[in-house]
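Let me begin by presenting the structure, written as structure tokens, before commenting on it.
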2 protein chains.
Amino acid sequence: MLSAADGTPQAPTRVLVIDDEPQIVRALVINLKARKYEVDAAHDGATALRLAAARHPDVVVLDLGLPDMDGVEVIRGLRGWTRVPILVLSARHSSDEKVEALDAGADDYVTKPFGMDELLARLRAAVRRAEPAGGGEGEVLVETDEFTVDLAAKKVNRAGKDVRLTPTEWHLLEVLVRNTGRLVSQKQLLQEVWGPSYGTETNYLRVYMAQLRRKLEADPSHPRHFVTEPGMGYRFER
Amino acid sequence: MLSAADGTPQAPTRVLVIDDEPQIVRALVINLKARKYEVDAAHDGATALRLAAARHPDVVVLDLGLPDMDGVEVIRGLRGWTRVPILVLSARHSSDEKVEALDAGADDYVTKPFGMDELLARLRAAVRRAEPAGGGEGEVLVETDEFTVDLAAKKVNRAGKDVRLTPTEWHLLEVLVRNTGRLVSQKQLLQEVWGPSYGTETNYLRVYMAQLRRKLEADPSHPRHFVTEPGMGYRFER
DNA sequence: CGCGCCTTTGACGCAACCCTGACGCGTGGC
DNA sequence: GCCACGCGTCAGGGTTGCGTCAAAGGCGCG
């Protein structure tokens, strides 16, 4: 059930694997790649958080026993800014451990040793139910009078031609469009696009908003769709 | 995400328990009701599907071993029309069974005997991640006869046009609207908008209340919605 | 190794916002 | 009847925030 039944070119699912045991990571990576997942791997919590911010995985597989920090802290670190599904892997069978991890924000908890088939099924379940939530319950296609944004295909069309956007430009556009009509604070934009450790670098926003406007607005100096709310944030209007 | 800690009365979570073993159902019902869940119970698949349709539970706990039909069929029956989280309970440890149930649409799979703490934690996790997609994210709209305040989008509409508010104006309006009908003391307003170290600078309030009235009241010199209570504070009336 | 694209950073002008003080008005107390 | 106080209004000045441009730094690719 990986790809949709329609002809839409499905973007590959990105998985972030966090574990300090090389053989487990290797087994997971091999199995996941064989099933056409895109895989990133981290062997400690700090790297994991950085990678999560940079790569925006669709699902996280997290071993609780990490060398540098408590696994539950990694969960909290992720939950501070994202709702990405987290599948916890652990050798601890204790009920308390499970409860703590789940209440911290984990979506599932599998004890080692685990069956690869079961893990993959749980992974599919986690991805499946996150899909529509990630899409913001609705339109994959957002149209204005001047351009069209296809959130699924990650494409922007203007006057019949596709507009080329850099990765950062697209990310920014995506967050704004997913909140069409709503004000998005500068802090939220920075954290969603640049990662949780950002929040004050408003000059990034100014530069990239200008680029988006130059590429998409009819009159970039008088934006009609990418509205600035001084001191508060930005808003995308259709 | 920052869900507002406003005084919205939270509707109780409704759980549908499906199991043919009376002692398990009893244990679950007791534990769930003690935690303020609303519980329906079914002891066979047909009843379960009927109850699910009639009661629209927020989460389903399903035992795979039912007298009348295969548990996986129940999952498919539910998935035909709803995305309600399904937590499967089963005595079978076989990996194939788990994979089948999960791929049919189950969200989680717990093998009996299970720890009640763990089950409840998994239940919380399932409910939590379904929340915003389920029906939440509702617009927080406050309307008067002259203008409309959208607290989620941070937007004010008056006569079909959006009204531009400065950050301070918006903040002040927000505090007043969140306390619709109630008197808000000057000290409270100052501390919420300008920070805890403020409390006596009532002239700020006078200036900004005047600006709000000028932008939102039909007759700013005779305010109908932003009422002054001399010597005490201000009140927003719809 | 060199090239090009993307990201980051800094500087500058301008507009908007926030604070401040002064004044008028109405109300209640002495 | 006078005064004190609180509130509403207005206009000016300091400061902040935003848009813009340009250039340097990083990274992957040929």
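Naming: A, B, ... by sequence-line order, numbering from 1 per chain.
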Problem - Residues, nucleotides or ligands: over 12 heavy atoms within 6.0 Å of B:Met232 CE - result: no
Exercise for the section: Kindly state whether the ring of B:Phe226 and the ring of B:Tyr234 have centres lying under 6.0 angstrom apart. Expected result: no
Practice task
Whole angstrom is fine here: how far is it from CZ in A:Arg206 over to C1' in C:dT8?
Solution key: 13 Å
Practice task
Taking only the side-chain heavy atoms of B:Thr228 (C-beta and beyond), determine which of D:dT9, D:dC7, D:dG19 contains the nearest atom.
Solution key: D:dC7
Practice task
Examine the side chains of B:Arg213 and B:Thr228 and answer whether a donor and an acceptor come within less than 3.5 Å of each other.
Solution key: yes
Handout entry: A:Asp107 with B:Arg128: basic N within carboxylate O range, under 4.0 Å
Key = no
Problem - A:His222 NE2: over 12 foreign heavy atoms closer than 6.0 Å - result: no
Practice task
Assign B:Glu229 to base, sugar-phosphate, or nothing according to its heavy-atom contacts below 4.0 angstrom with the strands shown.
Solution key: nothing
Completion exercise
Taken to the nearest whole Å, CZ/B:Arg214 to P/D:dG8 is 12 Å
Problem - A:Tyr234 side-chain N/O to D:dG19 phosphate OP1/OP2 under 4.0 Å - result: yes
Practice task
Rounded to the nearest angstrom, tell me the gap between atom CG in A:Leu190 and atom P in C:dT9.
Solution key: 12 Å
Practice task
Take atom CZ of B:Phe226 and atom C1' of D:dC7, then tell me their distance rounded to the nearest Å.
Solution key: 17 Å
Exercise for the section: For salt bridge (charged side-chain N to carboxylate O under 4.0 Å, His left out), just list the numbers for A:Glu38 and A:Lys33, CA-CA rounded to whole Å, side-chain angles, deciding distance to a tenth of an Å, and then say yes or no. Expected result: CA-CA 6 Å; A:Glu38 211 171 280; A:Lys33 286 198 170 163; over 6 Å; no
Handout entry: By side-chain contact (heavy atoms from CB on, under 4.5 Å) - contacts of A:Glu21 (at least two apart)
Key = A:Asp19, A:Gln23, A:Ile24, A:Asp63, A:Lys112
Handout entry: Short N-O contact, B:Arg224 and B:Asp219, less than 4.0 angstrom
Key = no
Handout entry: Side-chain ion pair, A:Glu229 and B:Lys154, N-O less than 4.0 Å
Key = no
Exercise for the section: Take atom NE2 of A:His171 and atom P of C:dT7, then tell me their distance rounded to the nearest Å. Expected result: 11 Å
Handout entry: Five-pair end axes of the helix from C:dC1-D:dG30 to C:dC30-D:dG1 and the angle they enclose, rounded to 10°
Key = 30°
Completion exercise
Per-nucleotide protein contact along nucleotides 14-20 of chain C, 5' to 3', at a 4.0 Å heavy-atom cut-off (B base, S sugar-phosphate only, - neither), is ---SBSB
Practice task
Could you state the atom-to-atom distance from CG of A:Leu205 to P of D:dG17 in whole Å?
Solution key: 13 Å
Problem - Separation of atom CE in B:Met232 from atom P in C:dT27, rounded to whole Å - result: 19 Å
